[in-house]
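What follows is one structure encoded as structure tokens, with my remarks underneath.
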Amino acid sequence: MSDTNHSNSNPFAYRKSSLNSKEKSMKGLLAFATYFIVACALCIFGKIIINGYPVLLNKGLSFITEKPQTLTVLEIEKNDDIQAPLENYENMLSSNVEPLEISNLKEFKKSFGYVTFDLESGSLIGDGYLMDIEKENNGLYLMFKERRQPEKLGFSIPQDKKFTIPKAELEIIQKNDPDLITSEVTNKEINIISKEVTIAKGEYPLKKVGFDALEKKTTLIFQMRQSYPDDEPDKVIQCVIPETQTITVPSSVYYAAFDEEENGTIPLVSEKSIFSSKTLSEFSLPKGAYKLSPASLRIFTANGGQHLHNLDRGSVVVKLDEAKTVTLAKESYDRLIADNPEIKVSNVQDKTQEVDYVSFTLDRDSEIQLNISDYQAFKEANSINNKFKPNAEHTHSYSGGGILGPIVGTACLVIICMVVALFTGIAAATYLNEYARKGGFTKVVRLAMLNLAGVPSIVFGLFGLGLFVMLAPVMTSSPSADSELLIPIAPLGSAPELRIAEAEAILTVDPELSTTLSAETARSAGAKKFYNGWLYLSFQGWGTCMLAGGFTLAIMVLPVIITSCEESLKAVPMGFREAAMALGATKWQSIRTAVLPYAFPGILTATVLGITRVAGETAPIMFTAAAAEKSDLPWQGIHSSGFGAFVDFLQQSVQALPYHIYTVAGRIPQSEYTEPMQYGSVLVFMIIVLLLSAVSIYLRIKIRNKIKW
Amino acid sequence: MIQIDNVSFSYDLGKTNVLRNISLDIPEKKVTSFIGPSGCGKSTLLRCLNRMNDLVETSRVTTGEIRIMDKNINAKDVDAIELRKNIGMVFQKYNPFPKSIYDNVAYGLRIQGIKKKDILDAAVEKALRGAALWDEVKDRLKDSALGLSGGQQQRLCIARTTAVQPKIILMDEPCSALDPIATAKVEELITELRNDYTIVIVTHSMQQASRISDKTAFFYLGELIEYADTDTIFQNPAQKQTEDYISGRFG
Ligand SMILES: Nc1ncnc2c1ncn2[C@@H]1O[C@H](COP(=O)(O)OP(=O)(O)OP(=O)(O)O)[C@@H](O)[C@H]1O
Ligand SMILES: [Mg+2]
């Protein structure tokens, strides 16, 4: 034996070698790594389960279905006799964790007059009033096709009233509404003194009063050294006059701007008084309702001292297409009828309603949290006695709502994503594996796919934002004015049905105008969309909606889907294809009947894998689909019908599970509410993922057993 | 029936010819077997007959033409799909689809658009009887074909081929994956089928060739060395190479 190192020549004799200890420590290291992972997993899952399941138990159903809340925090001074409807009062108590110091609580009943009536079709209503009607009748949506500027606006005067206006303006009124003024008109000449002053170039101190007067009522060109803080009218600020100017100023401005004692020290190079005269006309109107042209109304509103008619609410009228029964508070009804001369109502019923009210004394200045709607009710209830005056208020999201919305939203996203990804993915994999020539092209495609799989998901999010949210084409009759590209398809027979919220943003333009001009017009008028009687293919994007999110997610999982589909196609024996072809099948027939069915288990596995990946992604949907809060489930709040409803369904933003967790954990202010909610949501999410994996494993085993070769 | 006329064939656009100047006439309703050492081009020639080589994009018939029933099958107006409906093929590795026995046999008819159940039923029974399989499987037609033994599966593949009633059946080493008993059954079946079909079979087994075929072609390195009646080839070959191969001195 040449083995001289060991005295024992038997090769199986026990030898202690240095290798053994190395071997042992290596094994220990590997085991340690494994147990470390297990320990981490146990810690994570343990924490989630321990913190999460009591939340689920305690909250029960409300964990699933509660609505998201937005709270306003108000600083309220102590006051007595604060009034509120009982319901809102109770809400206030429950949404304030620290008890409020309240005494003198009295319950009473208050009766409200309200009116139920039928709005007839063909009614012309100011769009602002229509919005009020919708607001007061929860869930009511009025559709219409026509929107126009009215010839006459309603105008009511509660008492006989005298007006004094410049003669020139009276003439405008008389021209536009010749029958309006029946009373005697007296003209009165007044003298006006104004001054012509010359101001030298330079830099001077000036107070806000002077600044305002100069800016609004003269042609002086000047700049401020810094901006005026709104809350400090007395602060003096340096103002620069770039060159010597001569201007005419009314005497009121003269005193505001150049009175040395009072307001400032702009030295005048020269000044001279100018005398002129102006005729004022005086007339009176008896109380009652009138119909006026918008031009006259504008003059009345400017000179009447008070807003008799809200021009914002009535200067565009819409024509209702269908009759609707609505309910309004008595005052709102009266104003509606007075301000909308061409409204048609029938079946008017006056009713009264008793509401439980409380009044109470708040003993100490306190901070109150109120739900938006409760806050509104409080404001209204105390609008007359003025007892509820917040010194400061700020609004914040309080809860992301129940978990049903996010689950449903995620399901919608996943379904859209998978429909798109599977369709394109299977098609692409089939093409690459069955049709495409093996060579350069497939190699490049595969390389691209590998790279795509490594792209961080936030990049897909941005990509989806750019492509689907902002650029993807839609067919619409009211395209966005900012659309990237507008392709007219066909003229429309009739205008589309509109809802009030949409109508506001749509500008109806002359059908004679070209597409570019129409868009330009809308943009300069500040309208988001325009309508000119054509159906367009508009590259304006789909907006932040589940369709965009689904497509973005689909693009993200496509590499995974394509790769695993290709793998499954490759796993189908060549013999099946040959056998099918030899029996006279066309290529596609052989793929459809003898290849795809047997690739199905692999495709299914890929699908479930894809689903778990997609369901957990936050970044790609952040910009493209996700809403932090939404009180409606996707199928709620859709008011169109047929195909339109389907489009509306797809074009809304949704909540999604991972984003919901991010919302409660990081986006909204932390409170006693959000912390348990996080664990609850994460636990639910984990359970869903586990269920999905279980289903995938089960399906794989089951189908594998059925199809084998 | 089939005239192969001076055919050369290449898998790489004519750079190298796998088959060179092959000419032979295959008679109707006879069994013709192709023999030769591995890689000599038997399968290639067989697959030329039903244009299965079309699946290899770079493959070309570089010279000559193949006429089946006096029609050049590589002519522009010949539809490969129609051609394959008339020329069935059975593969070396039995490859029934992972479907039921019934669906396997009905496959060829179904892709031709036949849906009527009674027509399919009749055709399936006829084909299975023809493949001597009916008695063994008639009670389990709805069971998966993969539950059958290897020999049964191969006979099922033959039934699947005959169900569409081709004129010619090409078989590429149909028995190489089978044990002797299953082989015997398939051979028996082939002898039966001879009455109705023209059969071309590739085989590595001399005994098999001599047992079942009427004519035998011997290929070597892409060339046809000898083609004659089976008896002549085996008892009295004209070429030295043929004799060497048959007596097992090389190959
Ligand atoms: N798809 C193909 N592409 C390229 N070359 C091929 C292809 N199929 C076969 N060949 C080549 O063609 C030649 C003939 O092959 P073929 O399969 O016809 O031989 P064979 O006689 O059937 O052999 P075996 O008895 O082993 O089946 C071989 O050199 C083979 O490498
Ligand atoms: Mg072969």
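Throughout, protein chains are lettered first and strands after them, A, B, ... in sequence-line order, and every chain is numbered starting at 1.
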inquiry  = Out of A582(A), A580(A), S590(A), return the one with the most heavy atom pairs under 4.5 angstrom to chain B.
reply    =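 Most pairs with chain B among the choices: A582(A).
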inquiry  = Let's test your reading of the structure: which of G575(A), A579(A), A594(A) forms the most heavy-atom pairs below 4.5 Å with chain B?
reply    =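 The answer is A579(A).
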query = Considering residues, nucleotides and ligands other than K142(B), do more than 12 of their heavy atoms fall under 6.0 Å from its NZ?
reply =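 Check passes, neighbour count above 12.
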ask   = Counting heavy atoms not belonging to K126(B), are there more than 12 under 6.0 Å from its NZ?
value =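 No, the 6.0 Å shell around NZ holds no more than 12 heavy atoms from other groups.
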message = Between I87(B) and chain A, with a heavy-atom cut-off of 4.5 Å, which part of the residue counts as in contact: side chain, backbone, both or neither?
response =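 Answer is backbone: N, CA, C or O of I87(B) sit under 4.5 Å from chain A.
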request  = Examine whether an atom of R110(B) lies under 4.5 Å from a heavy atom of chain A, and if so say whether it belongs to the side chain, the backbone or both; otherwise answer neither.
outcome  =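 Interface part for R110(B): neither.
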Reported [atom1]-to-[atom2] distance for the pair [X] and [Y], which is rounded to 0.5 angstrom:
X	Y	atom1	atom2	answer
N95(B)	R577(A)	CG	CZ	12.0 Å
M574(A)	L55(B)	CE	CG	6.0 Å
E57(B)	Y435(A)	CD	OH	12.0 Å
R51(B)	M581(A)	CZ	CE	10.5 Å
L583(A)	M89(B)	CG	CE	11.5 Å

query = Of the non-hydrogen atoms in G584(A) and I111(B), which two are nearest, and what is the gap between them?
reply =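 The pair with the smallest heavy-atom distance is C-CD1, 3.8 Å.
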Between Q92(B), K99(B), Q112(B), the one whose heavy-atom pairs under 4.5 Å with chain A are most numerous =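 Heavy-atom pair counts peak at K99(B).
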Chain B contact via R592(A) - which portion, at a heavy-atom distance below 4.5 Å =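 The answer is neither part of R592(A).
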task = Give me the ring orientation class for F97(B) and F576(A): parallel if the planes are under 30° apart, tilted from 30 to 60°, perpendicular past 60°.
result =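 Ring orientation of F97(B) relative to F576(A): perpendicular.
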